[in-house]
Amino acid sequence: MADVIVALDLPRAPDVLALLDRLPEARWVKVGSILMTREGPPLVRTLMDRGLRVFLDLKWHDIPNTVAGAVAAARDAGAAMATVHALGGQAMMEAAATAAGNDLALVAVTVLTSHTPDAYASALGRTRVDLSAEVERQARAALSAGLRGVVCSPAEAGLARRVLGEGPLVVVPGIRRRSDPLGDQARVAGAREAVSDGATHLVVGRPVLQASDPAAALREFQEEAGCVPS
Ligand code: C5P
């Protein structure tokens, strides 16, 4: 079983709230940097007042003191989950984990799903890089810094689960049904496959947002993930 998180990749609060009116079975939503920059904490409060769990996906990567402050703000705002980049380093992740405390599940973004091996190597100034080895290295670092888990592509979900062991969270975007367009996602998987690989949370955006019947689409993902609300 995994929870399905609806990625609210819409620019404005009224659009988000109109969508959510059509999704009474949503339990988790993801607020990313576009929506947060436009609408800010009042929208997060509104979402929580509707009984939703909020995943604040702002992918912080800065000096430890700054990231710890941002994480504390997310915790105080009542977010249930938030992200930092594993590449922010050990000291940054440790400071962030301390700031998160017990109530905020802080997870580390490993290799972005938009990176190809060549693009990633180029960003690191290397000629070649093995993405699986990078995800493994970053997952181990996140765990030893005290984070609660990782975000990774479906291609690395099984690897992340093996590296992290049983308890930690494995959050997986890039979830598609066979009939869904890929959009800009390269490495995708079905919900069932991601869950069997060890995902605990599936992030789904466009396949729900752009569906003619978003509620039916969400229900399909929830059924595949084994988390239909009672
Ligand atoms: O529309 P789609 O289902 O592709 O949305 C996936 C969501 O997951 C987007 O909000 C995207 O920003 C997010 N995400 C991702 N890859 C990551 C981390 C987050 O696609 N590595």
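If you're wondering where the values come from, they're calculated on a predicted model, not measured in any experiment. Remember, it's 1-based here, ligands and their atoms both numbered in the order they're listed.
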Answer yes or no: is there a side-chain heavy-atom contact under 4.5 Å between Arg50 and Asp21? yes

Taking the side chain as everything from C-beta on, heavy atoms only, tell me whether Val151 gets closer than 4.5 Å to Val203. no

Within ligand 1, which atoms have a heavy atom of Arg206 less than 4.0 Å away? 1 (O), 2 (P), 3 (O), 4 (O)

Take the angle between the ring planes of His115 and Tyr120 and call it parallel below 30°, perpendicular above 60°, tilted in between. perpendicular

Candidate with minimal heavy-atom separation from atom 16 (N) of ligand 1, of Thr113, Val204, Leu112: Thr113

Donor-acceptor pair, Arg75 side chain versus Ala79 backbone, under 3.5 Å? no

Any N/O pair Asp57/ligand 1 closer than 3.5 Å: no

Pair Arg12 + Asp15, salt bridge at N-O below 4.0 Å: no

Pro207 contact mode with ligand 1 (heavy-atom cut-off under 4.0 Å): side chain

Sub-4.0 Å heavy-atom contact, Val109 with ligand 1: no

First locate atom CD of Glu224, then atom CD1 of Ile175, and finally report the distance between them rounded to the nearest 0.5 Å. 9.5 Å

Identify, for atom 20 (O) of ligand 1, the protein heavy atom at the shortest distance, and state residue, atom and that distance. Gln185 NE2, 2.8 Å

Which of the numbered atoms in ligand 1 are below 4.0 angstrom from a heavy atom of Val203? 7 (C), 8 (O)

So, Ser122 side chain and Asp118 main chain: donor-acceptor pair closer than 3.5 Å or not? no

Numbered atoms of ligand 1 (with element) below 4.0 Å of Lys59, judged on heavy atoms: 18 (C), 19 (C)

Measuring from non-hydrogen atoms of Gly32 to any atom of ligand 1, is the shortest distance under 4.0 Å? no

Which ligand 1 atoms does Asp9 reach within 4.0 Å, using its non-hydrogen atoms? 9 (C), 10 (O)

Would you confirm whether Glu39, through its side chain, and Ala13, through its main-chain N or O, come within 3.5 Å as a donor-acceptor pair? yes

Among all protein non-hydrogen atoms, which one is nearest to atom 11 (C) of ligand 1, and what is the separation to 0.1 Å? Lys30 NZ, 4.0 Å

State whether the shortest distance between N or O atoms of Gly205 and N or O atoms of ligand 1 falls below 3.5 angstrom. yes

